[in-house]
Protein chains: 2
Amino acid sequence: MNAISDEIKEDYNFISDSLVDIYDQIMRIEESEIKKSRFKDITAKELHLVHTIGLHDHKTTSEVARILRLSKGTLTANLNNLERKGYISRISNQRDRRIINLALTSKGRLLYRAHYAFHRKLVEQCLKGFDGSDIKKMKQALMNVEDFIGEVSGR
Amino acid sequence: MNAISDEIKEDYNFISDSLVDIYDQIMRIEESEIKKSRFKDITAKELHLVHTIGLHDHKTTSEVARILRLSKGTLTANLNNLERKGYISRISNQRDRRIINLALTSKGRLLYRAHYAFHRKLVEQCLKGFDGSDIKKMKQALMNVEDFIGEVSGR
DNA sequence: CAGAATAGTTTGATATTCAAACTAATATGG
DNA sequence: CCATATTAGTTTGAATATCAAACTATTCTG
């Protein structure tokens, strides 16, 4: 193995180590930042659930459970909490009365946007000083990861 | 706002959205991949703990609790589980007998390496087709994120 | 229309987490 | 050297989260 591939190997190790640790810290910071705001009663998991419910999708309970890989019972419990705290509302579906569609309340939408703004700030910091072609590379890297995830988890 | 910065804005949105979703999927895949191997009794959280304990560091219980931001009681419970399953061992410190140093058993080290190999595969897939300067950019982006995390969490 | 299938909730058991009390050992300072 | 404070880790009890299975209500299907 020559000097160049040794260097690449080291870079790979650096990137791999870095990734392993960063995510957990980001989750923690998301939660602590959100607790500094007016949304003190929200955990990282709930933030994630609010993000999944989304601004305007009106997804069903089952859809959200599938996306987050939670059992239906667990999701019901989580939704009860978020509803009690005033972040979401359940909308019963008139065309199929078995179905409950989920929506964010105005408070929930504020939380969603605050969370999104945090992520945008993170991305902006991450790509500070990058030009257009650098950013394309980053996109490519993320799409590669998505492909990898798709392959491993059987699409 | 002109066309170029609109495009950058879109790229930022893409990257931001992508990041929000990818991590959770990676955690899930890590766990499901590890469950396909001989290490069927390991959860993603335990994988994370094994990674933190590390191959040769012999960290103390308190150090690990601080790194993972777990209470000491929670960590004791987690360590009991991993010890029972044969992945870690507690080494009582002769110089200060209050201290317990943590080590992976040989089974634990095998798990560590399997997990690390998965991450390396992920990074290799992610950087497929990238040259040396692209990889430098990726490192820079990750260091920027680490800086951001440092700033927000007060170093 | 009867039975199968689906959406969501409830239930009961198990697991996770935390903070506080506790035990044992070491450090401190008078 | 001793009394006290501090530190490391465990135990305990309460709160919370999670799951699978049973259940209810509704819709689909043959």
Side-chain angles (χ1 to χ4, degrees), chain A residues 24-25 27-28 30-32 34-35 39-53 57-85 87-103, chain B residues 24 27-28 30-32 34-35 39-53 57-85 87-104:
Chain A
D24 209 56
Q25 287 177 275
M27 287 288 281
R28 207 148 38 221
E30 280 188 350
E31 180 168 326
S32 71
I34 221 72
K35 279 189 189 299
F39 308 111
K40 299 190 196 312
D41 55 355
I42 289 293
T43 65
K45 275 176 192 168
E46 288 173 325
L47 208 44
H48 194 186
L49 176 47
V50 164
H51 180 86
T52 301
I53 290 171
D57 298 348
H58 288 218
K59 295 186 180 76
T60 67
T61 301
S62 292
E63 274 180 285
V64 172
R66 187 177 41 72
I67 293 169
L68 296 179
R69 260 82 158 184
L70 293 173
S71 71
K72 295 188 300 175
T74 299
L75 188 59
T76 293
N78 291 188
L79 292 173
N80 288 344
N81 290 339
L82 282 178
E83 192 174 39
R84 182 173 39 75
K85 296 182 197 170
Y87 292 96
I88 67 144
S89 61
R90 289 172 156 106
I91 302 168
S92 57
N93 185 310
Q94 290 314 302
R95 293 168 67 96
D96 182 342
R97 290 185 302 165
R98 290 171 301 184
I99 293 175
I100 302 287
N101 291 105
L102 300 172
Chain B
D24 209 55
M27 288 287 281
R28 206 148 38 222
E30 280 188 349
E31 181 167 325
S32 70
I34 222 72
K35 278 189 190 301
F39 308 110
K40 300 192 195 311
D41 55 356
I42 288 293
T43 66
K45 276 177 190 167
E46 288 173 325
L47 208 45
H48 195 188
L49 177 47
V50 164
H51 180 86
T52 301
I53 289 171
D57 299 348
H58 287 218
K59 295 186 180 76
T60 68
T61 301
S62 293
E63 275 180 286
V64 172
R66 187 177 41 72
I67 293 169
L68 296 179
R69 260 81 157 185
L70 293 174
S71 72
K72 295 188 299 174
T74 299
L75 188 57
T76 293
N78 291 185
L79 292 173
N80 289 343
N81 291 339
L82 281 178
E83 193 176 37
R84 182 174 38 75
K85 296 182 196 169
Y87 292 96
I88 67 145
S89 60
R90 288 171 156 108
I91 303 168
S92 57
N93 185 311
Q94 289 314 302
R95 295 167 65 94
D96 183 342
R97 291 185 301 167
R98 291 170 301 185
I99 293 175
I100 302 287
N101 292 105
L102 300 173
L104 299 181

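Labels below follow one simple rule: chain letters A, B, ... track the order of the sequence lines, proteins then strands, and each chain is numbered from 1. In this text, all values refer to a predicted model and were calculated from it rather than measured experimentally.
We find that NZ of A:K45 is positioned 9 Å from P of D:dC19, with the value rounded to whole Å. For the pair B:I99 CD1 and D:dT10 C1', the computed distance is 15 Å after rounding to whole Å. Per the geometry, CZ belonging to A:R95 stands 17 Å off C1' belonging to C:dT6, to the nearest Å. C:dA7 atom P lies 13 Å from atom CG of A:L102, rounded to whole Å. One interatomic measurement links the two molecules: CZ of A:R66 to P of C:dA7, which rounds to 10 Å at whole-angstrom precision. One can place CG of A:N93 at 17 Å from P of C:dT6, the figure rounded to the nearest angstrom. In this structure, the CZ atom of A:R84 is 15 Å from the P atom of C:dT9, given to the nearest Å. Regarding B:L49, its CG atom lies at a distance of 18 Å from the P atom of C:dA15, rounded to whole Å.
Rounded to the nearest 0.5 Å, atoms NZ (A:K35) and CG (A:L47) are 10.0 Å apart. From B:K72, atom NZ reaches atom CG of B:L79 across 13.0 Å, with rounding to the nearest 0.5 Å. To the nearest 0.5 angstrom, B:L102 atom CG is 7.0 Å from B:T60 atom OG1. Here the NZ-CG distance, from B:K45 to B:L70, works out to 9.0 Å after rounding to the nearest 0.5 Å.
Residues of residues 69-83 of chain B that place a heavy atom closer than 4.0 Å to DNA chain D, in numerical order, are B:K72, B:G73, B:T76.
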Worked verdict on B:R84 versus B:N80 for side-chain contact (heavy atoms from CB on, under 4.5 Å): CA-CA 6 Å; B:R84 182 174 38 75; B:N80 289 343; over 6 Å; no
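No hydrogens or angles were tested; on distance alone, a donor-acceptor pair under 3.5 Å links the side chain of B:R98 to the base of D:dT7.
A:S71 meets the side-chain hydrogen bond (donor to acceptor under 3.5 Å, both in side chains) test with A:T74; sequence neighbours excluded.
Using a 4.0 Å heavy-atom criterion, one finds that B:R90 contacts the sugar-phosphate atoms exclusively.
B:S62 has no side-chain polar atom (N or O) that falls below the 4.0 Å cut-off from OP1 or OP2 of D:dT7. Taking only side-chain nitrogens and oxygens, A:T61 comes nearer than 4.0 Å to OP1 or OP2 of C:dG8. OP1 or OP2 of D:dT27 lies within a sub-4.0 Å distance of a side-chain N or O belonging to A:R97. In terms of phosphate contacts, B:T60 brings no side-chain nitrogen or oxygen within less than 4.0 Å of OP1 or OP2 of D:dA8.
No donor-acceptor distance shorter than 3.5 angstrom exists from the side chain of A:K59 to the backbone of A:N101, with no hydrogens or angles considered.
For the pair B:D96 and A:I100, nearest-nucleotide mapping onto DNA chain C gives the more 5' position to A:I100.
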